[in-house]
Amino acid sequence: MNKIAMTTPLVEMDGDEMTRILWQQIKDELILPYVELKSEYYDLGLPNREATGDQVTIDSANAAKKYGVAVKCATITPNAQRVEEYKLSQMWKSPNGTIRAILDGTVFRAPIMVKGISPVVKNWKEPITIARHAYGDVYKAAEIRVPGPGSARLIYTSDGDEVIEEHIYDFECAGVLQGQYNKDSSITSFARSCFQYALDTRQDLWFSTKDTISKKYDHTFKDVFADLYEAEYKAKFEEAGITYFYTLIDDAVARVIRSKGGFIWACKNYDGDVMSDMVSTAFGSLAMMTSVLVSPDGFYEYEAAHGTVTQHYYRHLKGEAVSTNPMATLFAWTGALAKRGELDGSAELMDFAHKLEASAIETIESGTMTGDLAALWEGEQAPEKVSGLEFLQAVRARLEARL
């Protein structure tokens, strides 16, 4: 068959460790044989981030704004151990945090459900979509290691020299200090994205914070959602037969566990990070979760919602065949290709992406899967546990039959 042509490039953000290996395998097995891939490539692997002073991360985000669609591999956010391992000049911040700060928007994460693997929470019958605010908070926080006794204050100075000062704590010993921020404009974009996504998918929307403790920071989020709902979305929600519901984050966790699923759960940045891992694992695996950042300016960044699978990578370096699940990374590629096709009016590219996703799901449902899913398999026949590469090759066989 002739390869599918692309008219506009998408931005390709390569990553680290085992997911970097899977990234290339997915391209070699499932994309390059069928698509005349046009991409603007950025290496966000930790060595190159170090070599460029992390400028490559900023450049990749700006490229995403230029072309509108990006696909990102999982990357390392270094801790002290990683600084030593990779001989870094500093503890670089989260590349996802940098990219999201530039693009703004909301990350929507939903589980990939397959027959034969039931959620750990038995009453979950429908997917739960996590809508995660993708700006500010702990990911862009300023931090201080307090060396000893002293006074900590929070100070704001306006352009007109107005000063607002709040006492934080009088340290009697060493400790730590952190300052977070967010913007009304970004919170409003987050709320609008959530309301609109709920209408588009006709799902109830839940939102949760801890406004009883964080009486200004979290309460601002609550108020922005409430005001926007009343002003613009209440009538639309009632007409669509869906509801908007606010509760505290701890109450939301309990309600989510008791629910049957089938709704959108909107969370602040860090809450969404943690809860999406909980939801994806409870539905089957961290590698069975789609993730897309939707910017209010119409930019899309698709990524795997999990880490770089470090232990598998070290085993891979020893020459061992590892059974690493590539589904989330594969669905990042299919999501980006489908969106690129949609924006460029290429039905052929969209159809290819959808057939590739269907082939991957069909491969698992037929009994061929990686080790993380084999341990959860409830099908009648025994599962065939394969390596990540063998799984991709099995998907390719089914894809070619569909094409």
Side-chain angles (χ1 to χ4, degrees), residues 12-25 41-61 72-102 107 134 136-150 152 171 173-181 269-270 272-274 276-278 280-281 285-287 291 301 303-326 328-329 332 371-372 387-388:
E12 180 183 348
M13 305 173 180
D14 209 345
D16 288 294
E17 298 187 325
M18 198 62 220
T19 44
R20 186 182 181 96
I21 304 298
L22 292 174
W23 188 266
Q24 190 60 49
Q25 291 174 345
Y41 177 86
Y42 293 86
D43 183 0
L44 268 58
L46 195 49
N48 195 48
R49 292 179 59 209
E50 168 70 17
T52 64
D54 211 24
Q55 182 63 39
V56 65
T57 306
I58 297 170
D59 292 344
S60 71
K72 181 182 174 296
C73 183
T75 47
I76 294 171
T77 298
N79 56 16
Q81 184 266 324
R82 294 293 203 168
V83 169
E84 176 64 26
E85 179 184 358
Y86 281 86
K87 308 301 180 187
L88 304 179
S89 59
Q90 62 177 280
M91 197 179 298
W92 300 108
K93 290 195 173 183
S94 162
N96 286 340
T98 298
I99 293 167
R100 291 166 187 160
I102 293 172
V107 176
D137 294 354
V138 69
Y139 297 87
K140 297 298 288 184
E143 299 180 312
I144 296 174
R145 173 64 186 163
V146 176
F171 282 87
C173 63
V176 289
L177 191 64
Q178 183 181 80
Q180 299 184 32
Y181 74 93
N269 207 345
Y270 181 72
D273 193 0
V274 175
S276 64
D277 281 358
M278 181 196 75
S280 61
T281 302
S285 170
L286 281 172
S291 180
E301 184 231 350
E303 62 181 348
H306 56 73
T308 57
V309 203
T310 305
Q311 291 183 345
H312 282 201
Y313 178 63
Y314 292 151
R315 289 168 53 195
H316 168 79
L317 292 179
K318 295 177 181 178
E320 299 179 28
V322 290
S323 187
T324 313
N325 191 336
T329 305
D372 59 326
S387 69

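Fair warning: this is a prediction, and the values are worked out from it, not measured in the lab.
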Can you name the closest pair of heavy atoms from [X] and [Y] and give their distance?
{"X": "Gly371", "Y": "Ser323", "result": "N-OG, 2.7 Å"}
{"X": "His306", "Y": "Ala287", "result": "CD2-CA, 3.6 Å"}
{"X": "Pro326", "Y": "Gly388", "result": "CG-O, 4.2 Å"}
{"X": "Ser291", "Y": "Val107", "result": "OG-CG1, 3.3 Å"}
{"X": "Arg145", "Y": "Gly175", "result": "NH1-O, 3.1 Å"}
{"X": "Ala74", "Y": "Gly307", "result": "CB-O, 3.5 Å"}

Please name all residues satisfying salt bridge (Lys or Arg N to Asp or Glu O under 4.0 Å) with [X], sequence neighbours left out, ordered by chain then number.
{"X": "Lys318", "value": "none"}
{"X": "Asp54", "value": "Arg49"}
{"X": "Arg82", "value": "Glu17, Glu85"}
{"X": "Glu143", "value": "none"}

Where do Val56 and Leu44 land on the side chain to side chain contact (heavy atoms under 4.5 Å, CB included) test, with the steps shown first?
CA-CA 7 Å; Val56 65; Leu44 268 58; 4.0 Å; yes
Considering residues at least two apart in sequence or located in another chain, which fulfil the side-chain hydrogen bond (donor to acceptor under 3.5 Å, both in side chains) criterion with [X]?
{"X": "Gln25", "value": "none"}
{"X": "Ser60", "value": "none"}
{"X": "His316", "value": "none"}
{"X": "Asp16", "value": "none"}

What I'd like to find out is whether the side chain of [X] reaches to under 4.5 Å of the side chain of [Y], using heavy atoms alone.
{"X": "Arg20", "Y": "Tyr313", "result": "no"}
{"X": "Met13", "Y": "Ile99", "result": "yes"}
{"X": "Gln311", "Y": "Val322", "result": "no"}
{"X": "Thr57", "Y": "Lys93", "result": "no"}
{"X": "Arg315", "Y": "Thr324", "result": "no"}

Which residues satisfy the ring pair (Phe, Tyr, Trp, His ring centres under 6.0 Å) test with Tyr181, sequence neighbours excluded?
Tyr135
Run the ring pair (Phe, Tyr, Trp, His ring centres under 6.0 Å) test against Tyr314 and tell me which residues pass, sequence neighbours left out.
none
Name the residue from Pro95, Ser89, Ser94 that meets the side chain to side chain contact (heavy atoms under 4.5 Å, CB included) definition with Trp92.
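For Trp92, the side chain to side chain contact (heavy atoms under 4.5 Å, CB included) test succeeds with only one of Pro95, Ser89, Ser94, which is Ser89.
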Taking only residues two or more places apart in sequence or in another chain, which ones pass side chain to side chain contact (heavy atoms under 4.5 Å, CB included) with Ala51?
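Expected list: Asn48.
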The side chain to side chain contact (heavy atoms under 4.5 Å, CB included) partners of Val274 (sequence neighbours excluded) come to Tyr270
Calculate, to the nearest 0.5 Å, the distance between atoms [atom1] and [atom2] belonging to [X] and [Y] respectively.
{"X": "Asp273", "Y": "Tyr139", "atom1": "CG", "atom2": "OH", "result": "3.0 Å"}
{"X": "Lys72", "Y": "Thr19", "atom1": "NZ", "atom2": "OG1", "result": "8.0 Å"}
{"X": "Thr75", "Y": "Asn96", "atom1": "OG1", "atom2": "CG", "result": "4.5 Å"}
{"X": "Asn325", "Y": "Ser285", "atom1": "CG", "atom2": "OG", "result": "5.0 Å"}
{"X": "Trp23", "Y": "Met18", "atom1": "CH2", "atom2": "CE", "result": "14.5 Å"}
{"X": "His312", "Y": "Glu320", "atom1": "NE2", "atom2": "CD", "result": "10.0 Å"}

For atom CD of Glu84, is the number of surrounding heavy atoms from other residues, nucleotides or ligands below 6.0 Å larger than 12?
no
Does atom CD1 of Ile144 have more than 12 heavy-atom neighbours from other groups under 6.0 Å away?
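No - once you tally the heavy atoms of other residues, nucleotides and ligands closer than 6.0 Å, there are 12 at most.
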Would the distance check show the side chain of Asp14 and the main-chain N or O of Tyr41 forming a donor-acceptor pair, the cut-off being under 3.5 Å?
no
Taking the side chain from Thr281 and the backbone from Met278, do they hold a donor-acceptor pair closer than 3.5 Å?
no
